[in-house]
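Have a look at the structure below, then the notes.
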Amino acid sequence: MNRYLITHIDLDGYGCLIMAQRYLGSDIHYKCVNYDELEDAIRDVPTDAELFITDLSISNNLAPLLNEFSNLTIVDHHLTSNWLNDEGNRARFNVVVSTERCATYLFYEYLSARFGFKDTMLDEWARLVDDYDRYVLQYPDSRRLNALFYISDRTRFVQEALYCYPRQMLARNKERVDNYLENQMKYILNTTYITLSDTPKVILAFAEKNKSAIGEYHIREKGCDLVYILDTHSMQLSIRSKDGDESINCSKIAKLFGGGGHFHASGAILDNFEDYFKSLCGKFPKSKELKKFTEKEE
């Protein structure tokens, strides 16, 4: 059968690719895309193919395009995909949408049920990817696994993952991961941030990378309740809250900025960045006011 997979570009997205190649075969066509590339990726797939879309938030304006496919499976864990759980959509497609697990874990459960067998190696992959992606951070190896993914060639990472437990890959790459995490910590400690609130403790950090790690450090080591991380280059806003504290829902905050995500880890792209900078520039002295800054202090 002609099979296609469209999945996300992060560890969870590639985790779905690992599951697909283990259960459906390494010859499956696949494309790893970001959210804004999803529609074009779907249009590139023949409508008579079996299509899997995983770990990509799907808005209901894509419904007409999805309806063109007669054999479609959607696996996602973002709140914005909950509309797919309506009875009509579940009757039309194979829908696996839940916020209780990451997409890799959900896809593993779906495929293992479909083919009637589980795999202890894939169990470990699903558990660790879920731990990091949903920001539970119960297992130290999940953070190290994400670091290894980040510094690895993606194709090679998947090829090795098809035949290795995560702990085996981490053992072989211990020095590389240690060096990466050491440099990451240096970056975190030199990150500029401002305190927005003391009770609850809320900060805004400015960074172009290591955003989840910055959130984790300030929550776990500095006792923050909520961390905003703003990339002023791309105007991407990441939001992190403390796992186990159900008083701050990051996904609801992200919706205020037109974004979304998970309870403890969400984000948005600030489309109104011009207004942001205009507001900032308004605090600088106007040109006609600059003369008084040439006067010597008494």
Side-chain angles (χ1 to χ4, degrees), residues 8 10-13 34-35 55-59 76-83 85 97-106 127-140 142-143 146-147 184-185 187-189 191-232 234-273 275-276 279-280:
H8 197 207
D10 65 355
L11 177 61
D12 193 20
N34 219 330
Y35 302 110
D55 195 35
L56 287 160
S57 180
I58 300 176
S59 62
D76 192 35
H77 64 135
H78 299 97
L79 289 171
T80 43
S81 294
N82 272 344
W83 66 277
N85 277 321
V97 174
S98 171
T99 59
E100 298 300 314
R101 295 281 190 272
C102 74
T104 296
Y105 207 124
L106 293 172
R127 186 172 66 254
L128 292 183
V129 174
D130 179 69
D131 185 65
Y132 186 84
D133 193 72
R134 291 194 303 117
Y135 214 59
V136 178
L137 305 178
Q138 177 182 353
Y139 307 111
S142 70
R143 181 168 175 257
N146 187 72
Q184 184 184 72
M185 182 54 64
Y187 183 89
I188 292 171
L189 294 176
T191 297
T192 299
Y193 69 90
I194 57 176
T195 300
L196 302 179
S197 169
D198 290 319
T199 309
K201 190 171 182 181
V202 181
I203 70 165
L204 169 62
F206 300 89
E208 294 183 2
K209 61 181 181 179
N210 297 322
K211 297 166 189 176
S212 289
I214 290 169
E216 179 186 355
Y217 172 78
H218 283 284
I219 287 171
R220 290 185 176 269
E221 304 298 330
K222 298 298 182 179
C224 289
D225 299 290
L226 181 66
V227 179
Y228 297 100
I229 307 101
L230 177 62
D231 180 346
T232 56
S234 63
M235 292 309 294
Q236 291 182 338
L237 180 68
S238 300
I239 309 170
R240 300 292 185 268
S241 64
K242 187 185 300 183
D243 179 54
D245 181 357
E246 302 304 307
S247 63
I248 303 178
N249 187 336
C250 291
S251 64
K252 285 190 175 181
I253 298 175
K255 283 184 179 180
L256 298 175
F257 300 95
H262 316 304
F263 199 103
H264 297 294
S266 293
I269 296 176
L270 303 184
D271 292 330
N272 62 337
F273 64 92
D275 293 336
Y276 171 85
S279 174
L280 177 65

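Keep in mind that the numbers below use all heavy atoms, side chains included, and drop hydrogens, waters and symmetry copies. Start at 1 with the first residue, then count along the sequence.
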Enter the distance from E208:CD to L230:CG here, rounded to the nearest 0.5 Å. 10.0 Å
Would you compute the distance between atom NZ of K222 and atom OG1 of T195 and round it to the nearest 0.5 angstrom? 11.0 Å
Backbone N/O of Q138 and side chain of D131: donor-acceptor pair under 3.5 Å: yes
Are K242 and D225 close enough for a salt bridge, meaning some N to O gap below 4.0 Å? yes
Could you give the distance from OG1 (T80) to CD1 (I58), rounded to the nearest 0.5 Å? 9.0 Å
Between atom CG of N249 and atom OG of S266, what is the distance when rounded to the nearest 0.5 Å? 7.0 Å
Hydrogens and angles aside, do Y132 and N146 bring a side-chain donor and acceptor to less than 3.5 Å of each other? yes
Is there side-chain contact between T232 and F206, with at least one heavy-atom pair below 4.5 Å? yes
Reported CG-to-CG distance for the pair D76 and N82, which is rounded to 0.5 angstrom: 9.0 Å
Heavy atoms of G13 and D55 approach each other most closely as N-OD2, 3.2 Å
Looking only at heavy atoms, what is the nearest atom pair of Y135 and G215, with distance? OH-C, 3.1 Å
Show the nearest heavy-atom pair for residues R240 and S212, with the distance to one decimal. NH2-OG, 2.8 Å
Can you find a pair of side-chain heavy atoms, one from L226 and one from I253, that are under 4.5 Å apart? yes
Answer whether the closest heavy-atom distance between the side chains of D133 and L11 falls below 4.5 Å. no
Is any side-chain heavy atom of Y217 closer than 4.5 Å to a side-chain heavy atom of L189? yes
With a 4.5 Å cut-off on side-chain heavy atoms, are V202 and Y228 touching? yes
Just so I know, are the side chains of D12 and H77 near enough to count as touching, which here means a heavy-atom distance under 4.5 Å? yes
Taking all heavy atoms of Y193 and all of H218, pick out the closest pair and write down the distance. CE2-CE1, 3.7 Å
Exceeds 12 heavy-atom contacts within 6.0 angstrom, atom CD of E246: yes
What is the minimum heavy-atom distance between A207 and I214, and which atoms define it? CB-CD1, 3.4 Å
Heavy-atom check, side chain of F263 versus side chain of K252, under 4.5 Å: no
Which heavy atom of S57 sits nearest a heavy atom of H78, and at what distance? N-ND1, 3.9 Å
OG1 of T191 to NZ of K209: how many Å apart, nearest 0.5 Å? 9.5 Å
